[in-house]
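Chain letters run A, B, ... following the sequence lines, proteins first, then strands; residues in each count from 1.
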2 protein chains.
Amino acid sequence: VQSRPPAEIGAPLEAIETPALVVELDALERNMVRMARFASAAGVRLRPHAKTHKCPAIALKQIAHGAVGQCVQTVGEAEALVKGGVTDVLVTNEVVGTGKLRRLAALASEASVGLCFDHPDQVDAASQAARDAGVTLRALVEIDVGMERCGVQPGAAARDLAQRIAEAPNLAFEGLQAYHGSAQHFESHSAREQAIDRAVAAVSRTLEAFQAAGLPCETVGGAGTGTFQFEARSGVYNEIQVGSYIFMDTEYARLEDGEGKRFRTFEHSLFVLSSVLSVPAADRAIVDAGWKSYSGERGYPWVHGSDGIEVVGVSDEHGKLRLGADTPRLRLGGKVALIPGHCDPTVNLHDWFIGLRNGRVEELWPITARGASR
Amino acid sequence: VQSRPPAEIGAPLEAIETPALVVELDALERNMVRMARFASAAGVRLRPHAKTHKCPAIALKQIAHGAVGQCVQTVGEAEALVKGGVTDVLVTNEVVGTGKLRRLAALASEASVGLCFDHPDQVDAASQAARDAGVTLRALVEIDVGMERCGVQPGAAARDLAQRIAEAPNLAFEGLQAYHGSAQHFESHSAREQAIDRAVAAVSRTLEAFQAAGLPCETVGGAGTGTFQFEARSGVYNEIQVGSYIFMDTEYARLEDGEGKRFRTFEHSLFVLSSVLSVPAADRAIVDAGWKSYSGERGYPWVHGSDGIEVVGVSDEHGKLRLGADTPRLRLGGKVALIPGHCDPTVNLHDWFIGLRNGRVEELWPITARGASR
């Protein structure tokens, strides 16, 4: 159960109570089609990441566009998706603690469920939880391909952990999780490409160790919106786990493409809609959306569709706009759409997506995994 | 209705499912007592800001400690507090839009409700909404005392708006809202003091204009955790609207006090409890709390109670810790308490406060205004 939605189906944009999270459905759908066509042409499976949208309605739309299932980052996200009708989820993360493992194992009686490992103790604990629940969990070894976050080292260490998984009751060894998170955000195209070249080398070395040990490896997954082209053409990755491509944000819009231009493969479809709360000076307007409506770790949001207006300050519930000399003064109550710096944590602040088409509310999608960080 | 709480009453800290928002009750209560004693000794009313905690249980505790009511920033916060038993709320912000004004007026039949104004159109709209609901709303003029956010200019402009309010049916002119938000975070004590000196001059000039016009001014409100001493001794402010003092965060902990030392008037009582998810190297551990569990606009959180461990990277669901050479390796599942950079938007990410005393869960308080940004 969630807060009251900020609009009614059929209402015009002007009637949306703000701040609110809006999605332009035409742009969202074009982004989905573009990525689905890319994956199909490249011959890789598409398993989009639900950490971005946290919403079963969007997950099912991605699956209708050819995705094989969903990635999640937490057990709570997996629960929300399965409850919403998704039948194949992969936790692209370690799961530590008996309580969480039991919850995940319980889900595996309703859906195909996988998770990642980087420590032998986790293998024993997950095997026990799966055995207790009478289910089988898909199991991937996470290797560190350059991000220095979780993951075992490529090669022999990964092989040893895979062996342990292969021998553990009620775990089915499936393959490798080889995501390079930090590479997604290198602005330079060649820096992203080189990082993934190194990741591919690490994967290849690990696959050789698997082969020498007679371990079959069905899946090699990874990639994000900043690098998916490189993983897809690598010949070793066969599943891409992109998330942000459906929405975009200012961080991804800052990337350079191969021609040194801004990354424009996908369109901005996600906006925080705000209203003008105060017009205290000719060159200043204050809107009602601040750090509680979009996340701040990537800086101020951009104003959508207006070259003459810039966000120059943000506090918890306010955004301060500076208007250019030729920009008409804003009116009290007028709507301003903001492009968030970072889409995933921004979505996590809201209970509803308002799907807009031609300026009217067409969909109200509850973000049922909002706050599902456990 | 909210998500399942991450712990049960009576459980030890180790049994809390993470990430979770925990409050050390002893520290929280000492902070409340300190501020209540200060306000009482200074002869100013204490009206703490609920934008910080978003929780009726904490609001009622502050009122039990002598607060006259609560400040809120949105109509949704006011609704949550009144529903939770608070009978006096002031929206320290403008309220724009018929829908929001109607909701606020509806509340005024259950509680004493005030709001702020910086434009004549707002006065007419609020008066109409109050008349339609058959209630009276308390009304304050917000003046810009240096933050350059909302607010009319001090002096004649404020007087003219106050006149308009005084003549508007169903609005009761109460006084001035004169908050200097940016001054709260100037690290230097003297910079904060000088900013409030200028705010006091602006208030005094406005009060003279009110007096000349025969307008009584019952309330002059403002102040935050960084500056309240200065407003309280000013002789013109009579209500302080502090919020963060109950919790503290790294941003407030960075301030200098009058002796050039770190600001230690209040204790850290708010922590994001995390668990170790991965121990991939001797000098590195990864915890399960990232940008979806604490807000990022003030940088990385601090590790509580451990000098040898530092947060060196954060992603959406992960925190990367670097361990000093002499720091014992962390174990999988071990708990790490993080001090958030900025308490208000961090609280807004969670559904529950877990109140801890002597390492046991004593309270589970729902954060009913979480996400109430409208």
Looking at [options], which makes the most heavy-atom pairs under 4.5 Å with chain B?
| options | result |
| --- | --- |
| A:Gly99, A:Gly341, A:Ala285, A:Pro345 | A:Pro345 |
| A:Glu94, A:His119, A:Lys51 | A:Lys51 |
| A:Ala289, A:Gly290, A:Pro280 | A:Pro280 |

Ignoring hydrogens and geometry, is there a side-chain-to-backbone donor-acceptor pair from [X] to [Y] under 3.5 Å?
| X | Y | answer |
| --- | --- | --- |
| B:Arg374 | A:Pro19 | yes |
| A:Lys292 | B:Ala372 | no |
| B:Arg284 | A:Glu148 | yes |

Which answer fits [X], side chain, backbone, both or neither, if we ask what part of it has an atom under 4.5 Å from a heavy atom of chain A?
| X | answer |
| --- | --- |
| B:Ser295 | neither |
| B:Arg103 | side chain |
| B:Gln184 | neither |
| B:Ile286 | side chain |
| B:Asp118 | side chain |

Which one of [options] has the most heavy-atom pairs closer than 4.5 Å to chain A?
| options | value |
| --- | --- |
| B:Gly97, B:Gly371, B:Gly181, B:Cys150 | B:Cys150 |
| B:Gly76, B:Gly296, B:Ala281 | B:Gly296 |
| B:Asn93, B:Val152, B:Asp144 | B:Asn93 |
| B:Gly151, B:Pro6, B:Ala15, B:Ser293 | B:Pro6 |

Could you grab the distance from atom [atom1] of [X] to atom [atom2] of [Y], nearest 0.5 Å is fine?
| X | Y | atom1 | atom2 | result |
| --- | --- | --- | --- | --- |
| B:Lys320 | A:Ser182 | NZ | OG | 6.5 Å |
| A:Ser315 | B:Gln73 | OG | CD | 7.5 Å |
| B:Lys100 | A:Asp288 | NZ | CG | 4.5 Å |
| A:Leu332 | B:Asp121 | CG | CG | 6.0 Å |
| B:Glu317 | A:Thr74 | CD | OG1 | 7.0 Å |
| B:Ser278 | A:Arg149 | OG | CZ | 9.5 Å |

Practice task
Could you give me the CA-CA distance, side-chain angles and deciding distance for A:Arg370 and B:Asp351, then say whether side chain to side chain contact (heavy atoms under 4.5 Å, CB included) is met?
Solution key: CA-CA 10 Å; A:Arg370 194 277 320 151; B:Asp351 290 324; 3.2 Å; yes
Completion exercise
Note: B:Val96 and A:Val276 closest approach over all heavy atoms is CG1-O, 3.9 Å
Practice task
Please lay out, stage by stage, how A:Val314 and B:Glu297 fare under the test side chain to side chain contact (heavy atoms under 4.5 Å, CB included).
Solution key: CA-CA 10 Å; A:Val314 174; B:Glu297 67 281 357; over 6 Å; no
Problem - Worked check of side chain to side chain contact (heavy atoms under 4.5 Å, CB included) between B:Leu349 and A:Asn348 - result: CA-CA 8 Å; B:Leu349 292 164; A:Asn348 189 47; 3.9 Å; yes
Practice task
Counting only heavy atoms closer than 4.5 Å, note whether A:Glu77 contacts chain B via side chain, backbone, both or neither.
Solution key: side chain
